[in-house]
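Shown next, in structure tokens, is the structure this report addresses.
So you know, we letter chains A, B, ... as the sequences are listed, proteins then strands, and number each from 1.
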Protein chains: 2
Amino acid sequence: MQPDVKKRRSTIYDLAELAGVSASTVSAVLNGNWKERRIAEATAKKVQRLANTHRYTVNRQASGLRKSRSGLIGMIIPMHDNRFFSSMSQVFERLARERHWYPLVVSTLRDPALELETVRTLISYRIEYLVVAGATDPDSVSRICQAHAVAHVNVDLPGTKATSVVSDNYWGAQQLTLALIDRSRASRSPKRNKPYFVGGIATDNATRRRMEGFADAVTARFGGVEASQLDACGYAAELAESAVERLHRRSGGLPRALFVNSTIALEGVVRFLKTLPPDELAACTFGCYDWDPFASVLSFPLLMVRQNVEGLLGEAFRIIDTRSFDDKRVIEIKPELLFPSQSGDASTTNDAPRHAVA
Amino acid sequence: MQPDVKKRRSTIYDLAELAGVSASTVSAVLNGNWKERRIAEATAKKVQRLANTHRYTVNRQASGLRKSRSGLIGMIIPMHDNRFFSSMSQVFERLARERHWYPLVVSTLRDPALELETVRTLISYRIEYLVVAGATDPDSVSRICQAHAVAHVNVDLPGTKATSVVSDNYWGAQQLTLALIDRSRASRSPKRNKPYFVGGIATDNATRRRMEGFADAVTARFGGVEASQLDACGYAAELAESAVERLHRRSGGLPRALFVNSTIALEGVVRFLKTLPPDELAACTFGCYDWDPFASVLSFPLLMVRQNVEGLLGEAFRIIDTRSFDDKRVIEIKPELLFPSQSGDASTTNDAPRHAVA
DNA sequence: GCGGATGGCACAATCGATTGTGCACGATAG
DNA sequence: CTATCGTGCACAATCGATTGTGCCATCCGC
């Protein structure tokens with residue numbers, strides 16, 4: 001098919017025979033350490049030329065086996081099909097490549113069994129490091145990794161058996177809540193004259209911290225908070241939709257401020273809001289914990305919190321770079337606040353770096 | 001650290017010594033072919049028990065080297081951080097796992113050099129198949145794959161040197177355009193009494209086919225189409241925003257129907273639309289080629305086309321399963337049409353299967 | 001002309017698993 | 001008592017690359 005090119009993949013032995021040298025010479029040339037091994041420059045050139053014309057590529061299975069290094073770094077995420085995690089994949093790849101590691105990202109569908117299975121397979125391919133992002137059971141993953149001496153870091157959901165880097169959900173929720181309150185207008189109805197929180201799962205670490213941040217901010221401004229102001233109804237859009245519909249019915253209108261705990265929940269909320277007249281919407285200030293480009297072009301203003309993916313993974317790689325796996329702390333990274341100014345479209349108040357999103 | 005467990009990773013040789021058998025026996029047991037190799041059941045049990053307590057996992061570098069099989073199947077995509085491609089990753093993983101292959105998904109950032117580099121690295125890890133999704137230069141990728149005898153399929157963007165599976169962009173655009181026209185109301189102004197197309201890049205295969213579909217549908221209903229009705233202004237939101245703003249200014253209002261050629265472009269369009277009074281929006285019917293969950297909760301109705309990711313990759317895997325790499329055809333897969341019915345929220349007319357999106 | 005210092009490379013072991021082949025032993029048949 | 005057969009396993013080669021070690025030639029100095 002190709003002219004001048006062997007049908008089978010060529011090995012260093014093929015090249016050695018063609019060049020009339022030994023395989024170890026070929027290996028030295030292709031690894032760039034031929035000077036240390038005192039190979040003549042003419043020989044090196046000849047071997048390199050042959051490698052090019054025969055399209056030689058090293059067999060990383062063989063080389064990894066011998067060197068007991070694979071060059072692979074793995075990351076597990078719950079799913080690809082999600083703004084937050086797909087953005088994690090994108091940043092992870094870049095940071096891995098900068099370090100000359102080859103990134104492997106696999107999803108585990110929030111299935112604890114698949115999580116462990118996937119990690120075992122990654123280990124069998126001899127990944128050198130693992131980033132455990134959003135695992136349902138990080139400590140079980142840690143146990144497997146420890147048994148195989150694979151260094152790893154938890155990201156997004158913390159564990160107790162490895163260093164963890166998570167979003168500062170408490171701070172983010174607190175800031176968002178304060179901003180919502182300060183931008184909202186008082187309501188004559190006492191039931192409606194307070195902020196509400198909707199969405200998420202109360203046993204989930206992230207949701208719990210956000211609820212705490214919300215509650216503390218509300219207490220700071222209103223002197224107290226009632227349980228009925230928080231409804232961790234789940235993440236699904238339908239659940240959030242009916243949660244807000246109930247709230248609206250019970251209170252005879254929208255509250256002065258509404259904290260929606262994910263973009264998926266926001267989808268449901270917006271579905272309900274579309275059934276209301278525009279002036280009702282104007283009475284409420286909306287915030288969403290998580291970011292979506294489309295959410296910023298909805299017909300009403302929306303405050304958003306964007307998780308700092310750069311920051312989370314940057315810190316994870318810092319831990320890997322410095323091999324500081326032993327202090328099993330939980331490091332918190334502040335998210336970004338995206339608050340449209342009163343006037344128009346401009347946004348943000350934060351010192352955290354932003355990163356461009358196509 | 002662990003009690004009862006060696007510090008180093010254990011090999012079949014370690015297990016062999018512990019069990020008092022040979023490494024080949026251990027290998028046979030762990031591969032499940034110990035019956036064919038006439039290993040006593042008692043021996044097999046003993047080896048399996050040892051493998052469990054010592055948390056043995058096979059070294060796939062070694063096993064792959066020997067068997068010259070890696071168990072890996074690769075896919076390259078332009079980026080993760082995008083609804084369409086992240087959904088491709090998700091489906092790809094599932095289809096690969098169903099076939100007991102281990103999926104490797106890597107992004108190439110639409111950079112031709114990185115594309116080739118990435119493919120070469122995947123090959124050096126000895127992937128057995130490659131799905132080339134959205135490559136800027138599929139034929140160069142094909143050349144590398146052919147030189148290394150790696151079977152591959154193009155998806156989304158067609159090439160000439162391998163079987164390609166692409167969206168039926170012509171059909172989708174045609175159907176969307178016809179639906180837009182049929183649901184739109186005539187305008188008194190002749191300039192505004194026709195549909196317009198905005199977004200995309202005319203040299204891009206997908207955009208070109210969509211423009212053809214649009215043009216043919218418009219011709220079918222109006223007897224002709226003018227060049228000014230199509231503006232492939234690029235994908236960026238800003239470009240689409242100003243393109244529609246120009247159109248609005250030139251025509252003295254919105255056209256009766258507007259075809260937006262991507263969700264990113266739609267973001268820009270919506271930004272402009274927010275500056276218009278609601279009754280102006282009511283005069284125009286909007287369609288978007290590509291799907292986004294938030295786009296369906298905008299304040300105005302929107303017809304959408306969702307690419308059939310299941311269908312695209314299902315067909316790609318069918319080609320791999322049946323090893324029919326030789327007919328270098330371009331196979332087209334019809335997208336899904338998501339058309340809200342006049343009344344409310346229900347959607348869709350299509351026989352293509354839908355798949356749930358969390 | 002001899003010893004030592006390079007220069008230039010080949011040899012062979014090794015990484016961990018797989019797999020074709022063959023040996024030893026006991027049971028059975030004749 | 002011996003030939004045959006089946007059972008149960010061990011041996012050794014192999015995949016492709018890496019790397020410690022050592023050999024041979026040449027050259028230089030004296």
Side-chain angles (χ1 to χ4, degrees), chain A residues 6 8-47 50-51 54-71 121 123-126 128 148-149, chain B residues 6 8-48 50-51 54-72 121 123-126 128 148-149:
Chain A
K6 284 247 180 71
R8 289 314 314 163
R9 281 194 269 263
S10 50
T11 69
I12 52 169
Y13 297 98
D14 302 332
L15 295 182
E17 199 173 330
L18 289 165
V21 298
S22 78
S24 58
T25 299
V26 174
S27 173
V29 170
L30 298 177
N31 279 299
N33 63 345
W34 49 277
K35 277 178 189 152
E36 295 100 275
R37 289 181 78 89
R38 301 186 317 213
I39 308 293
E41 184 156 359
T43 312
K45 288 259 180 288
K46 192 204 294 179
V47 170
L50 280 170
H54 287 264
R55 299 178 183 282
Y56 171 83
T57 49
V58 66
N59 182 336
R60 293 239 194 187
Q61 292 181 138
S63 122
L65 173 60
R66 178 59 230 264
K67 296 200 287 189
S68 59
R69 299 207 39 207
S70 65
T121 310
I123 289 176
S124 79
Y125 281 109
R126 292 298 181 262
E128 303 184 28
H148 294 89
Chain B
K6 284 248 181 72
R8 288 314 316 161
R9 280 193 270 262
S10 50
T11 69
I12 52 169
Y13 297 99
D14 302 332
L15 295 182
E17 200 173 330
L18 289 165
V21 299
S22 77
S24 58
T25 300
V26 175
S27 174
V29 170
L30 298 177
N31 280 300
N33 63 344
W34 50 278
K35 277 178 189 150
E36 295 100 274
R37 288 181 78 88
R38 299 187 319 216
I39 309 291
E41 186 154 0
T43 310
K45 287 260 179 286
K46 190 204 295 180
V47 170
Q48 274 155 352
L50 280 170
H54 287 263
R55 297 178 183 283
Y56 172 83
T57 47
V58 66
N59 183 335
R60 293 240 193 185
Q61 292 180 138
S63 122
L65 173 60
R66 178 58 231 263
K67 294 199 289 191
S68 58
R69 298 206 43 208
S70 65
L72 297 172
T121 309
I123 290 176
S124 78
Y125 282 108
R126 292 298 182 260
E128 301 185 29
H148 294 91

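Following rounding to the nearest Å, Leu30(A) (CG) and dT19(D) (P) show an atom-to-atom distance of 13 Å. Put simply, CD on Glu36(B) is 17 Å from C1' on dG6(D), counting in whole angstrom units. A straight line from CZ of Arg69(A) to C1' of dG16(C) spans 18 Å, rounded to a whole angstrom. The separation between Trp34(A) atom CH2 and dG8(C) atom P is 10 Å, rounded to whole Å. Rounded to whole angstrom, the span from the CG atom of Asn59(A) across to the P atom of dG16(D) amounts to 7 Å. Atom NZ in Lys46(A) sits roughly 12 Å away from atom C1' in dC9(C) (whole-Å rounding). Residue Ile12(B) contributes atom CD1, which lies 11 Å from atom P of dT19(C) at whole-angstrom precision. For the pair Lys35(A) NZ and dC9(C) P, the interatomic distance rounds to 14 Å; values are reported in whole Å.
Across every non-hydrogen atom of Val29(B) and Ala44(B), the tightest pair is CG1-O, 3.6 Å. Shortest non-hydrogen contact noted between Ala19(A) and Lys46(A) is O-NZ, 3.4 Å. Pairing each heavy atom of Leu30(A) with each of Ala51(A), the nearest pair is CD2-CB, 3.8 Å. In plain terms, the two heavy atoms of Ala28(B) and Ile39(B) that are nearest each other are CB-CG1, 4.5 Å. Contact between Glu128(A) and Ser70(A) at its shortest, heavy atoms only, is OE2-N, 2.9 Å.
Within 3.5 Å, no donor on the side chain of Thr11(A) pairs with an acceptor on the base of dC15(D), nor the reverse. Residue-to-nucleotide contacts include a donor-acceptor pair under 3.5 Å from the side chain of Ser24(B) to the base of dC11(D).
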Under the side chain to side chain contact (heavy atoms under 4.5 Å, CB included) rule, what do Tyr56(B) and Gln48(B) come out as? Steps first, then yes or no, please.
-> CA-CA 10 Å; Tyr56(B) 172 83; Gln48(B) 274 155 352; over 6 Å; no
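Across all strands, Val58(A) comes closer than 4.0 Å only to sugar-phosphate atoms, never to a base (heavy-atom distances). Residue Ser27(A) is in base contact, counting any heavy-atom pair closer than 4.0 Å across all strands shown. Within 4.0 Å (heavy atoms only), Val21(A) reaches sugar-phosphate atoms of the nucleic acid but no base atom.
Residues Thr121(B) and Ser124(B) have side chains that never bring a donor and an acceptor to within less than 3.5 angstrom of each other.
Applying the 4.0 Å criterion to OP1 and OP2 of dG16(C), one finds that Tyr125(A) has every side-chain N and O outside that range. OP1 or OP2 of dT18(C) sits under 4.0 Å from a side-chain N or O of Asn31(B).
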Counting primed atoms, P, OP1 and OP2 as sugar-phosphate and everything else as base, the B/S/- map of nucleotides 21-27 of chain C against protein heavy atoms under 4.0 Å is B------
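Under a 3.5 Å cut-off, the side chain of Arg126(A) and the backbone N or O of Ile123(A) do form a donor-acceptor pair. Asn59(B) places a side-chain N or O within 3.5 Å of a backbone atom of Gln61(B) that can act as its donor or acceptor partner. Under the 3.5 Å distance criterion, the side-chain polar atoms of Asp14(A) are matched with a main-chain donor or acceptor of Thr11(A).
Checking dA17(D), dT19(C), dC9(C) against every side-chain atom of Ala40(A), the shortest atom distance belongs to dC9(C). Closest approach to the Lys67(A) side chain among dA17(D), dA17(C), dT19(D) is made by dT19(D) (side chain taken as heavy atoms from C-beta onward). Ranking dA10(C), dT19(C), dC9(D) by closeness to the Thr25(B) side chain, first place goes to dC9(D). In the set dA10(C), dG16(D), dC11(D), the nucleotide with an atom closest to the side chain of Tyr13(A) is dG16(D). With dC9(C), dA10(D), dG16(C) as the choices, the nucleotide that has an atom nearest any side-chain atom of Thr43(A) turns out to be dC9(C).
Annotation: side-chain hydrogen bond (donor to acceptor under 3.5 Å, both in side chains) contacts of Ser63(A) (sequence neighbours excluded): none.
Projected onto DNA chain D by closest heavy-atom contact, Ala62(B) and Ile39(B) fall at different nucleotides, the more 5' of which corresponds to Ile39(B).
Taking the C1' atoms of five terminal pairs at each end of the helix from dG1(C)-dC30(D) to dG30(C)-dC1(D), the two resulting helix axes are inclined by 60°, rounded to 10°.
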